[in-house]
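Remarks on the structure that follows.
Below, chains carry the letters A, B, ... as their sequence lines are ordered, and counting in each starts from 1.
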There are 4 protein chains.
Amino acid sequence: MSPVAATAASAVGDAPVPARRGRPRRADADGAILSAALQLLAEVGVGGLSMDELAQRAGVGKATIYRRWTSKESLVLDALHTATTPIPTPDEGDLRSDLITYTDALIERFGAGRGSDVLPHLIAASCYDDHLRASLDEYTRARQATTRLILGRGIERGELPPDADLDLLVDVILGPFFYRHLLTGDPLDRDFSRRLVDLVIH
Amino acid sequence: MSPVAATAASAVGDAPVPARRGRPRRADADGAILSAALQLLAEVGVGGLSMDELAQRAGVGKATIYRRWTSKESLVLDALHTATTPIPTPDEGDLRSDLITYTDALIERFGAGRGSDVLPHLIAASCYDDHLRASLDEYTRARQATTRLILGRGIERGELPPDADLDLLVDVILGPFFYRHLLTGDPLDRDFSRRLVDLVIH
Amino acid sequence: MSPVAATAASAVGDAPVPARRGRPRRADADGAILSAALQLLAEVGVGGLSMDELAQRAGVGKATIYRRWTSKESLVLDALHTATTPIPTPDEGDLRSDLITYTDALIERFGAGRGSDVLPHLIAASCYDDHLRASLDEYTRARQATTRLILGRGIERGELPPDADLDLLVDVILGPFFYRHLLTGDPLDRDFSRRLVDLVIH
Amino acid sequence: MSPVAATAASAVGDAPVPARRGRPRRADADGAILSAALQLLAEVGVGGLSMDELAQRAGVGKATIYRRWTSKESLVLDALHTATTPIPTPDEGDLRSDLITYTDALIERFGAGRGSDVLPHLIAASCYDDHLRASLDEYTRARQATTRLILGRGIERGELPPDADLDLLVDVILGPFFYRHLLTGDPLDRDFSRRLVDLVIH
DNA sequence: GATTAACCGAGACGGTACGTCACGTCTTTAA
DNA sequence: TTAAAGACGTGACGTACCGTCTCGGTTAATC
């Protein structure tokens, strides 16, 4: 989730200044808040992160936080976003290699937060918060799109039959990762990703 | 999770009676608490379930609850357990039928709690509570065992190769269900389970 | 006891304004709390006064109360203070008259709270709470000072010998009142005060 | 307060045994409870004395305590009683000496419990508990009776006028002690008792 | 000897109040 | 107008005691 109602002068061109009146928003507040949030996340997890503590660490008023994010969780999601470089879509000319490269990257990402309460907490919170649900969905959709892109290239290359059920294949590849991460706790390693990929593409 | 410090004569033999001293626990309190919890769960979800309200509805002191469960979530898990008949392991002499029967039952179970915050909440809470984690794992393991049993029969019948990677197949079948339920929100229906099963068993 | 951390410009000079930052304390909350406390005191005494009930009656959060007073008892003392006009120091030009006037006023004050648990409760609580002890002492000292002032004027007028043991006389006059009020329960009436005063000043 | 419903064969004579049926009360339980109470009183005062802790220390069930005393405070009063030898009535043939001897003894008794919350707590509790009030009154009356006896002897010896207001004198002597003990905290020492006695008897 | 009744220690019971914490909002003064 | 500060009302938390009530077991006096 992006900051709410960002000043969004954004676009390159001229934009004769939106003529915002009053004191301008502190430019560095977003950064201060997000990095304080990351620090706290690492220390106490989402469950232990209190907005009072966060505001104090960021040297910011609580209202400033609520002016920019609608909830703790959407802020957390943003914080993670800033700290996370997107996983690139591999394109090595070979379906199996691409899938393995991508799933290995996924594993690494999960591994970093192993034992963390972040994703579980966000999923739980998204039950009550539509904005958060939407933001979380963005990430989910992005991962699906990447996987689907890889699979699509496989079809183009004839590595998969043209009528392959891509929607299903995507879920079959990604589902087991999240299942293990969230529920079984079974190890997510390179061996697992290879066996999974080989199963899916025969 | 079973109530804390269950009488647990447990061990096989006769066990020379633990000779429980003091006033015994009210036998019907567990039931009263659990059914009040189920009622509240249906009304307000896990997030809205307060221990004060629960104690009042169950006609019980708060201490009585905390004496029997270590946390709200382990209680919730217990409540769900009492309200849930286990999904039987189908055995229709045919791998595909068995898998579809089982996954359809899973879907129905998910569907019953659609939009519910229960599973997400339990997963999140299990990050902080080892007992809860263990209890939740029981359920997870039970589903895996059932699936594995179905697949094992398939091997016996020659419907799967004898060296099939059962661990992986189990995750490939169950993973996508939880992935959709927890993350994508995509529909879980009979069509999905058939496509998934057909993919997995060729 | 005054509210904790009172704005307390206090000091003599101009004090360059403490420049209190943040939202100021609700000005009327003290009054609302104190008058709700008085109402509850009259209904249920100190022992029956619960902070939850008090907060609700005052239309205030519990935290707001705890922000301003350290304990129920110091709050009670404050409440009584606001509801109590100080007993004026009589000055009728005659020692006996002054003492009787003052002791009669004391009796009336005691009588108002007859059967009340307020003073006993405050004395007991002051064993654990130094702030409360100090506040309670203020009242005690004020009564002693008034009595001593009356006696001092008596010395000036020659009604008492110049070397009279004022400290002792003060305790001899006030002690029996509290002794009866707290311990014996014997009546505190005008007759008693006259006999006491006559004994003390011969 | 004596133990509730004491077997109370009491009266000297015959009393052909009340023929109590059932198991007799444990003879040593009273002692165990009282001494545990004294120990706890010294450690944490009346306010910090919990019945659970007391029962545990005495190696006794809570019901056993409540069978013998109606309240924590009456038990405390009893405990103090057992630990306290009564102050003897001095009779040295001289009013001043007798009073000073007695008041010095009183001071010593107060001094032992200096800073203690016992008397304040008992006074406060007696506002709600009539039994306790009565028990506490016994002590108060006993002190008054002793003082009055000393003064009466003084009248007999002609050291006080025959029409002296004994009720008042008693309160004038005892009142200041309790006033200082409970309210002012001023020192209670031999000097104080001498000055007080000399003031009262001229 | 069997029965009965009151006691015993242990500890669970329904309650009530506690003081703390975090929430998201509101209200100041300052920039 | 936004900022930092921090007080606000709300409401849940888990704990600590209260005084009562079972339990399974004694320990007498009565039958």
Side-chain angles (χ1 to χ4, degrees), chain A residues 7 20-26 29 47-56 58-72, chain B residues 17 19-27 29 47-56 58-68 70-72, chain C residues 17 19-27 29 47-56 58-68 70-72, chain D residues 17-27 29 47-56 58-68 70-72:
Chain A
T7 39
R20 311 269 284 122
R21 301 224 304 161
R23 176 172 174 172
R25 287 204 177 161
R26 246 185 68 186
L49 192 165
S50 93
M51 298 303 264
D52 291 76
E53 172 75 3
L54 173 60
Q56 198 159 34
V60 138
K62 268 201 293 179
T64 298
I65 303 179
Y66 283 104
R67 211 173 283 119
R68 295 165 192 235
W69 289 275
T70 56
S71 71
K72 175 162 79 173
Chain B
V17 179
R20 306 269 291 115
R21 301 220 291 169
R23 177 173 175 173
R25 297 236 172 118
R26 240 186 71 187
L49 193 166
S50 96
M51 298 304 262
D52 290 80
E53 172 74 4
L54 173 60
Q56 200 158 35
V60 138
K62 260 200 296 181
T64 297
I65 303 179
Y66 283 106
R67 214 175 279 123
R68 294 164 190 239
T70 56
S71 70
K72 177 161 76 173
Chain C
V17 180
R20 306 269 291 116
R21 302 221 295 170
R23 177 173 175 173
R25 297 237 172 118
R26 242 186 70 187
L49 193 166
S50 96
M51 299 302 263
D52 290 79
E53 172 74 4
L54 173 60
Q56 198 159 35
V60 138
K62 261 200 296 181
T64 297
I65 303 180
Y66 283 106
R67 212 175 279 122
R68 295 165 189 238
T70 56
S71 70
K72 177 162 78 173
Chain D
V17 178
R20 310 263 290 121
R21 299 230 306 164
R23 175 175 175 172
R25 291 204 176 154
R26 241 186 71 186
L49 192 166
S50 94
M51 297 304 263
D52 290 77
E53 171 75 4
L54 174 60
Q56 199 160 34
V60 139
K62 268 203 291 179
T64 298
I65 303 179
Y66 282 105
R67 212 174 281 122
R68 297 164 190 236
T70 56
S71 71
K72 176 162 79 173

Task: Reported CE-to-CD1 distance for the pair B:Met51 and B:Ile65, which is rounded to 0.5 angstrom - done: 5.0 Å
Does [N] have its OP1 or OP2 closer than 4.0 Å to a side-chain nitrogen or oxygen of [X]?
X	N	answer
D:Arg23	F:dA28	no
C:Lys72	E:dC18	yes
B:Thr64	E:dA12	no

Among [options], find the nucleotide with the atom closest to the side chain of [X].
X	options	answer
C:Arg25	E:dC7, F:dA7, F:dC18	F:dA7
B:Arg26	E:dG14, E:dC18, F:dA5	E:dG14
D:Arg21	F:dC18, F:dT30, E:dC23	F:dT30
D:Ala63	F:dG14, F:dC21, E:dC21	F:dC21

Task: 5' precedence on DNA chain E between C:Gly48 and B:Ala58 (nearest-nucleotide basis) - done: B:Ala58
- [ ] Between B:Asp52 and B:Ala29, just flag the one whose closest nucleotide in DNA chain E comes earlier from the 5' side.
- [x] B:Ala29
- [ ] Would you mind classifying the nucleic acid contact of B:Leu54 as base, sugar-phosphate or nothing, using non-hydrogen atoms under 4.0 angstrom?
- [x] nothing
Can you measure [X] atom [atom1] to [N] atom [atom2] for me and round it to whole angstrom units?
X	N	atom1	atom2	answer
C:Arg67	E:dT20	CZ	P	12 Å
B:Leu49	F:dG14	CG	P	12 Å
C:Gln56	E:dC18	CD	P	13 Å
A:Trp69	E:dG24	CH2	P	14 Å
D:Tyr66	E:dG11	OH	P	17 Å
B:Arg68	E:dA12	CZ	C1'	8 Å

Open item on the list: Using heavy-atom distances to pick each residue's nearest nucleotide on DNA chain F, tell me which of C:Ile65 and D:Glu53 is more 5'.
Closed with: C:Ile65
- [ ] Assign each of B:Pro24 and A:Gly59 to its nearest nucleotide of DNA chain F by heavy atoms, then name whichever residue's nucleotide is nearer the 5' end.
- [x] A:Gly59
Task: All side-chain hydrogen bond (donor to acceptor under 3.5 Å, both in side chains) counterparts of D:Glu53, not counting sequence neighbours - done: D:Arg57
Open item on the list: What I want to check is whether an N or O donor and acceptor connect the side chain of B:Lys62 with the base of E:dG14 at under 3.5 Å.
Closed with: no
Mind listing the closest non-hydrogen atom pair of [X] and [Y] along with its distance?
X	Y	value
C:Lys72	C:Leu49	NZ-O, 3.0 Å
B:Ala55	B:Gly61	CB-C, 4.2 Å
B:Val60	B:Arg26	CG2-NH1, 4.1 Å

